Amino acid sequence: MNRRPTSGRSPDALIRPWQTLGSRLLLDRSPHLRVYDQTVRLPDGRVIDDWTRVWYPDYVIVAAVTVDGLMVATRSYRQGPRAVELGLPGGIVEPGEEPLAAAQRELREETGYAAESWTDLGGFCGDPNRGSGFGRYFLARGAYRVADPDHGDLEEIAVELTPVAELLAATRTGEVKSIQSAAGIALAAAALTC
């Protein structure tokens with residue numbers, strides 16, 4: 001993709017960052033959520049006294065594919081949409097943990113699977129304006145079962161081996177409800193066809 005700025009300057013030189021002048025914690029539900037009220041100065045000098053910033057922990061999403069070309073999917077209840085969702089394994093990156101190690105741990109805990117080969121598909125912010133956890137997405141090839149799932153938390157998780165095309169279709173029918181799972185499925189499908 002060849003993009004050229006119309007001014008002849010680098011696009012990054014045209015966009016200036018905001019300056020945070022102050023921050024006040026409004027809600028602390030650590031380790032899952034913190035909400036701040038910030039005072040920010042815009043590049044044109046205007047000051048906004050009540051900019052809401054939301055903090056969530058960083059997380060990983062894993063699109064694991066078996067040698068037969070089936071994706072290791074999960075089905076579990078999600079309180080946000082109050083529905084059972086088809087999705088991908090994933091979870092929070094623990095303090096001091098590398099994203100790849102978190103992805104490998106989450107895949108094993110939630111599904112009982114491991115994988116031969118790992119590819120980093122990129123990292124993305126869910127809400128770049130207000131803040132949110134930074135999600136790192138991985139494609140795990142050659143997935144194979146090594147143990148029973150042992151997620152040890154509040155979730156009930158059913159593991160399903162599903163063709164990639166069916167998971168892509170599920171993103172369009174609403175069976176996949178989270179943008180994190182939908183993005184993981186799409187990123188993995190694109191990587192598998194390249």
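All values derive from a computational prediction rather than experimental measurement. This chain uses plain numbering: 1 for the first residue, then up along the sequence.
The two atoms that bring His32 and Pro57 nearest to each other are O-CD, 3.4 Å, heavy atoms only. Ala191 and Leu121 make their closest contact through CB-CD2, 3.8 Å (heavy atoms, listed as atom of the first residue, atom of the second, distance). Between Val146 and Ala114 the shortest heavy-atom distance is CG1-CB, 3.9 Å. Heavy-atom minimum distance, Phe138 versus Ala103: CD1-CB, 3.6 Å. Gly184 approaches Ala63 most closely through the heavy-atom pair O-CB, 4.0 Å. Pairing each heavy atom of Gly69 with each of Val164, the nearest pair is O-CG2, 4.0 Å.
Applying the 6.0 Å contact sphere to CZ of Phe134 captures more than 12 heavy atoms from other residues, nucleotides or ligands. Around the CD atom of Glu98, the shell of radius 6.0 Å holds no more than 12 heavy atoms that belong to other residues, nucleotides or ligands.
In this structure, Tyr56 and Leu33 have side chains that are in contact, with non-hydrogen atoms separated by less than 4.5 Å. Between Val40 and Gln19 there is no side-chain heavy-atom pair separated by less than 4.5 Å. Considering only heavy atoms from C-beta on, Leu70 stays 4.5 Å or farther from Val65 through its side chain. Residues Pro89 and Glu106 have side chains not in contact (no heavy-atom distance under 4.5 Å, counting atoms from C-beta outward). Residues Thr20 and Thr39 fail the side-chain proximity criterion, which asks for heavy atoms closer than 4.5 Å. Considering only heavy atoms from C-beta on, Pro81 comes within 4.5 Å of Lys177 through its side chain. Counting heavy atoms from C-beta on, the side chains of Val62 and Leu88 never come closer than 4.5 Å. Between Arg53 and Val35, every side-chain heavy-atom pair lies at or beyond the 4.5 Å cut-off.
Separation of atoms OG (Ser181) and CD (Glu175) is listed at 11.5 Å; rounding is to 0.5 Å. One distance of note links CD of Glu110 with CD1 of Ile157; it measures 4.0 Å at 0.5 Å rounding. Distance check, rounded to the nearest 0.5 Å: CH2 of Trp18 to CG of Leu42 gives 5.5 Å.
Electrostatic pairing of Arg136 and Asp58 does not count as a salt bridge here, judged by no charged N lying under 4.0 Å from a carboxylate O.
For Glu166, there are no side-chain hydrogen bond (donor to acceptor under 3.5 Å, both in side chains) partners at least two apart in sequence or on another chain.
Note: the hydrophobic cluster containing Val93 does not contain Ile61 (ILVMFWY, side chain heavy atoms under 4.5 Å, direct or indirect links). Leu86 is connected to Tyr137 through a chain of hydrophobic side-chain contacts under 4.5 Å among Ile, Leu, Val, Met, Phe, Trp and Tyr, so both are in one cluster. Residues Trp55 and Leu25 are members of one and the same hydrophobic cluster, defined by side-chain heavy-atom contacts under 4.5 angstrom among Ile, Leu, Val, Met, Phe, Trp and Tyr. Leu192 and Leu187 fall within a single hydrophobic cluster, where Ile, Leu, Val, Met, Phe, Trp and Tyr side chains are chained together by heavy-atom contacts under 4.5 Å. Grouping the Ile, Leu, Val, Met, Phe, Trp and Tyr side chains by contacts below 4.5 angstrom, directly or via other members, places Ile185 with Leu139.
Side chains of Thr66 and Asp68: no donor on one and acceptor on the other come within 3.5 Å. No donor-acceptor contact under 3.5 angstrom links the side chains of Glu156 and Ser76, judged on distance only.
Judged by a 6.0 Å distance limit and a 45° cone about the ring axis, Arg130 is positioned over the six-membered ring of Trp51.
Within the 3.5 Å criterion, the main-chain N or O of Ala190 finds a donor-acceptor partner in the side chain of Thr193. With hydrogens and angles disregarded, a donor-acceptor distance shorter than 3.5 Å links the side chain of Arg145 to the backbone of Ala147. Side chain of Thr171 to backbone of Leu168: a donor-acceptor contact under 3.5 angstrom is found. Distance alone, capped at 3.5 Å, places no donor-acceptor pair between the Glu85 side chain and the Arg75 backbone. A side-chain donor-acceptor contact under 3.5 Å links Glu97 to the backbone of Glu94. Although no hydrogens or angles enter the test, the distance criterion places no donor-acceptor pair under 3.5 Å between the side chain of Thr52 and the main chain of Asp37.
Ring to ring, Tyr113 and Tyr144 are not that close: their centroids are 6.0 angstrom or more apart.
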key: Working for side chain to side chain contact (heavy atoms under 4.5 Å, CB included), residues Trp118 and Arg141   = CA-CA 6 Å; Trp118 290 79; Arg141 291 184 173 103; over 6 Å; no
ask   = Do Leu21 and Val47 pass the side chain to side chain contact (heavy atoms under 4.5 Å, CB included) test, and can you show the C-alpha distance, the side-chain angles, and the key distance before you say yes or no?
value = CA-CA 9 Å; Leu21 303 175; Val47 173; 4.2 Å; yes
task = Decide yes or no on side chain to side chain contact (heavy atoms under 4.5 Å, CB included) for Leu107 and Arg105, but give the supporting numbers first.
result = CA-CA 6 Å; Leu107 178 63; Arg105 176 183 51 76; over 6 Å; no
Verdict with reasoning, Phe124 to Gln180, per side chain to side chain contact (heavy atoms under 4.5 Å, CB included) = CA-CA 10 Å; Phe124 304 92; Gln180 292 87 355; over 6 Å; no
